[in-house]
There are 2 protein chains.
Amino acid sequence: MTPTTPTSTAPSPVQLMDQLAQAAAGYYRAFAAVAAERGLTLMQGKMLSLLRRPMPMRTLAELLACDASNVTGIVDRLEARGLARREVDPGDRRIKNVVLTEEGEETVRAIRAELMSGLTGLEQLDEEERLTFQELLVRVFPLA
Amino acid sequence: MTPTTPTSTAPSPVQLMDQLAQAAAGYYRAFAAVAAERGLTLMQGKMLSLLRRPMPMRTLAELLACDASNVTGIVDRLEARGLARREVDPGDRRIKNVVLTEEGEETVRAIRAELMSGLTGLEQLDEEERLTFQELLVRVFPLA
DNA sequence: TTCATTGCTTGAGGACATCAACCATCTACC
DNA sequence: GGTAGATGGTTGATGTCCTCAAGCAATGAA
């Protein structure tokens, strides 16, 4: 039986894990909704967000934690929509750098702006709270 | 040009949003890995975790933020693996309540335990930090 | 050169996602 | 009652993603 925990009582580590699950789900729900408004899937949106600087497909696969063959398809679709393009790396012609088009850049800006405006709670944190939040996030999810 | 921010400086709201993206990705990466060890997909794992109490398919669709038709397939697969089963609600025979089997319960316990042990950072927070963390999460991701 | 490695693509098969159409049951109302 | 509308669930079609195995092209080192 879960005891009725008044909000002023510290959650157990397990309860906090559940809270994290909620938060992670909330984040992706918001992100997916913003992407969907532009006819993009979650993965396409994620990839666009990563592409603030050009990157080899290989790097994208690592950052998205998915198979390289997967990236091929996603970039295909972004390219078909005119949001990104492949450029053969002059230094190593095996490598294809994915670059955002002008429209792609604009889309990323719009997605980020709308996502930010959706997370109204973020704006309301003061400096100290933001710092604390960041430190806690980093401690629980170190590195990448 | 992003200024080199010493870790002792508060992140801007936008930087914090990026940090949240990292954390959310980290959480799901860990969750998916734990689920995959048992041959389960992310969605199957999520659904199992929700089923700590029996629920109508409709409710599952809402909690997973997906179409009802989608739930049908996921429950089909869980059922085929003997992790869950459907029970017609005696009060309203349109409703099918999804119930974990014994093996399903065991799987949920194992997934939660392993996920918890993977998030080593969580255990290291003291009571006050956990409370602070929870409050921040709730403020940024209110309600569901 | 030759060979092993690396980056990317292709193809097959399963799992989700969305949407429309459908059946069964329940509810309201005449 | 009996009919109409709403609700819960399933099915089917189509597209996206996921994994894995196989393959091609370019690189780097022996």
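Every chain is numbered from 1 and lettered A, B, ... according to where its sequence line falls, protein lines coming before strand lines.
- With B:F141 as the fixed residue, the side chain to side chain contact (heavy atoms under 4.5 Å, CB included) test singles out one of A:L122, A:L119, A:L20: A:L119.
- Counting to the nearest Å, the C1' atom of C:dG13 and the CZ atom of B:R77 are 13 Å from each other.
- For B:T72, the side-chain atoms get nearest to D:dT10 when compared with the rest of D:dT10, D:dT19, D:dT16.
- Distances shorter than 4.0 Å separate some side-chain N or O of B:N70 from OP1 or OP2 on C:dA17.
- Regarding A:R86, its CZ atom lies at a distance of 12 Å from the C1' atom of C:dG7, rounded to whole Å.
- In terms of polar N and O atoms assigned as donor or acceptor, the side chain of A:S69 comes within less than 3.5 Å of the base of D:dC20 in a complementary pairing.
- You'll find that the side chain of A:D92 is closest to D:dT27, out of D:dC17, D:dT27, C:dA15.
- A sub-4.0 Å separation between OP1 or OP2 of D:dA25 and a side-chain N or O of A:R94 is absent.
- Between A:G91 and A:G73, the one whose closest nucleotide on DNA chain D sits nearer the 5' end is A:G73.
- Regarding A:E62, its CD atom lies at a distance of 8 Å from the P atom of C:dG7, rounded to whole Å.
- Listed pair B:R93 / D:dG8 fails the phosphate criterion, with no side-chain N or O lying under 4.0 Å from OP1 or OP2.
- Straight-line distance from the CZ atom of A:R58 to the P atom of C:dT5: 15 Å, rounded to whole Å.
- Taking the six-membered ring for Trp and thresholds of 30 and 60 degrees, B:Y28 and B:F31 have ring planes more than 60 degrees apart, a perpendicular arrangement.
- Of the possible polar contacts, none joining the B:E135 side chain to the B:T132 backbone as a donor-acceptor pair under 3.5 Å is found.
- The separation between B:M43 atom CE and D:dT19 atom P is 14 Å, rounded to whole Å.
- Listed nucleotides D:dG9, C:dC8, C:dA15 differ in distance to A:K96; the shortest reach to its side chain belongs to C:dC8.
- A:M116 and A:L125 fall within a single hydrophobic cluster, where Ile, Leu, Val, Met, Phe, Trp and Tyr are joined by side-chain heavy atoms under 4.5 Å apart, directly or via other members.
- If you take CE of B:M47 and C1' of C:dA17, they are 13 Å apart, rounded to a whole angstrom.
- Here D:dT16 presents its C1' atom at 8 Å from CD of A:Q44, a figure rounded to the nearest Å.
- Distances were taken from every side-chain heavy atom of A:I95 (C-beta onward) to each of C:dG7, C:dA15, D:dC18; the shortest belongs to C:dG7.
- Within the 3.5 Å criterion, the main-chain N or O of B:P11 finds a donor-acceptor partner in the side chain of A:R130.
- Nucleotide C:dA17 holds its P atom 9 Å from the CG atom of B:L42, rounded to whole Å.
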